[in-house]
Amino acid sequence: MKIVFYGDSLTEGVPGASFFALLREKLPGHTLINYGMGGDTVISLYQRIVTQGLLEPADIAFLWVGVNDVLARLSPLSPILKALLRQPWAKDPNEFRLHYRALLDAIRPYASRVVTVSPLLIGEVLDNPWNRQLGVLSAIVEDLSAAYAEVSYLDLRSIFAAKLATHPPSRFLPTNPFRLMIDTVFSVSDEAVDRTSARRGLHLTLDGVHLNGRGAELVAEAMFEKISEIQPDRYPAGPL
């Protein structure tokens with residue numbers, strides 16, 4: 001079986017801990033390809049996979065993007081950095097819907113099944129303004145996914161919300177985009193990621209956005225469960 005992953009730094013696994021490495025261990029003998037790239041938005045991901053020829057036949061394609069379309073508005077420095085990196089972002093929900101539909105329409109002809117994944121978090125306080133905006137984008141992803149028989153929706157936000165509800169919240173936010181670069185340099189192992197996460201009082205993320213070890217485990221578990229639903233004869237559902 002061949003599974004392709006399209007997305008941003010959460011898919012790439014840098015900075016932070018990698019769900020992809022955990023999932024690959026769970027699926028030995030199969031081909032897993034990671035096309036995640038840090039900073040990608042719904043617009044820049046579409047441009048990248050189309051112009052770089054990254055669309056290829058797959059049994060399952062995971063599509064996980066959207067957090068950077070909100071993160072770009074968190075800091076005054078972020079739009080400047082996005083412009084330098086040539087990563088335009090959706091300015092409102094309608095523009096996000098338009099470009100997400102284009103992404104789906106580009107990927108669907110190449111994949112037998114597509115799994116869309118909800119944009120995750122900006123900060124572990126679930127009712128902050130940024131997470132409310134991500135909630136709107138997640139609803140759009142779910143709505144668009146329901147229009148196609150071969151597309152399934154994976155609501156990671158609900159899984160993370162249930163876990164975070166049992167912990168005291170940390171108000172740490174990645175307000176400085178250069179801090180993300182520093183985290184990339186110094187988070188050289190999952191242990192280092194988890195130490196930094198704990199120092200910030202975070203539970204599932206390194207910085208409110210990217211995954212720590214436990215967050216990566218949750219994502220890998222949820223994706224494996226989804227693969228098990230799609231291929232029940234090969235992969236009986238169960239914990240990693």
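Only this structure's heavy atoms are used, side chains among them; waters, hydrogens and symmetry mates stay out.
- The neighbour count for Lys2 NZ, taken as heavy atoms of other residues, nucleotides or ligands under 6.0 Å away, is above 12.
- The only member of His210, Arg200, Arg214, Glu124 that meets side chain to side chain donor-acceptor pair (under 3.5 Å) when paired with Thr205 is Glu124.
- Side-chain contact between Leu173 and Trp130: present, with at least one pair of heavy atoms (C-beta onward) separated by less than 4.5 Å.
- Counting side-chain heavy-atom gaps under 4.5 Å among Ile, Leu, Val, Met, Phe, Trp and Tyr, the cluster of Leu202 also holds Phe172.
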Only distances under 3.5 Å count here; give the side-chain donor-acceptor pairs of residues 99-107 to other protein atoms, sequence neighbours excluded, each with its distance to 0.1 Å.
unit_1: Asp105; atom_1: OD1; unit_2: Arg108; atom_2: NH1; d: 3.0
unit_1: Asp105; atom_1: OD1; unit_2: Tyr148; atom_2: OH; d: 3.1

Full working for side chain to side chain contact (heavy atoms under 4.5 Å, CB included) between Gln87 and Asp40: CA-CA 6 Å; Gln87 293 176 322; Asp40 253 348; 3.7 Å; yes
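- Remark: side-chain polar atoms of Asp69 are paired, donor with acceptor, to backbone N or O of Val42 under 3.5 angstrom.
- Counting only heavy atoms from C-beta outward, the side chains of Ser78 and Leu71 never approach each other to under 4.5 Å.
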Which pairs would a plain distance check flag for residues 114-121, meaning a side-chain donor or acceptor within less than 3.5 Å of a matching protein atom at least two apart in sequence or in another chain?
unit_1: Thr116; atom_1: OG1; unit_2: Ser145; atom_2: OG; d: 2.6
unit_1: Thr116; atom_1: OG1; unit_2: Ser152; atom_2: O; d: 3.3
unit_1: Ser118; atom_1: OG; unit_2: Leu156; atom_2: N; d: 3.0
unit_1: Ser118; atom_1: OG; unit_2: Arg157; atom_2: N; d: 3.2

Derivation of the side chain to side chain contact (heavy atoms under 4.5 Å, CB included) call for Leu23 and Phe5: CA-CA 12 Å; Leu23 193 57; Phe5 297 78; 3.6 Å; yes
Phe19/Leu10 under side chain to side chain contact (heavy atoms under 4.5 Å, CB included): CA gap, chis, key distance, verdict: CA-CA 9 Å; Phe19 80 85; Leu10 287 164; 5.9 Å; no
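- Side-chain contact between Ile159 and Glu221 is absent, with no heavy atoms from C-beta onward closer than 4.5 Å.
- Under the 3.5 Å distance criterion, with hydrogens and angles disregarded, a donor-acceptor pair is assigned to the side chains of Arg73 and Gln133.
- Between Glu225 and Lys26, none of the side-chain N atoms (NZ, or NE/NH1/NH2) sits under 4.0 Å from a carboxylate O, so this pair counts as no salt bridge.
- When atom types are taken as modelled, the side chain of Asn131 and the backbone of Gly123 share a donor-acceptor pair closer than 3.5 angstrom.
- In terms of modelled atom types and a separation under 3.5 Å, the side chain of Asp190 and the main chain of Ala17 share no donor-acceptor contact.
- Residues Leu154 and Met223 are in side-chain contact: their nearest non-hydrogen atoms beyond the backbone lie under 4.5 Å apart.
- A donor-acceptor contact shorter than 3.5 Å is absent between the side chain of Asp59 and the backbone of Ile3.
- Judged by distance alone, the side chain of Thr166 and the main-chain N or O of Ala162 form no donor-acceptor pair under 3.5 Å.
- His203 contributes no side-chain N or O that, together with a main-chain N or O of Ser170, makes up a donor-acceptor pair within less than 3.5 Å.
- Separating the CZ atom in Arg24 from the NE2 atom in His30 is a distance of 14.0 Å, to the nearest 0.5 Å.
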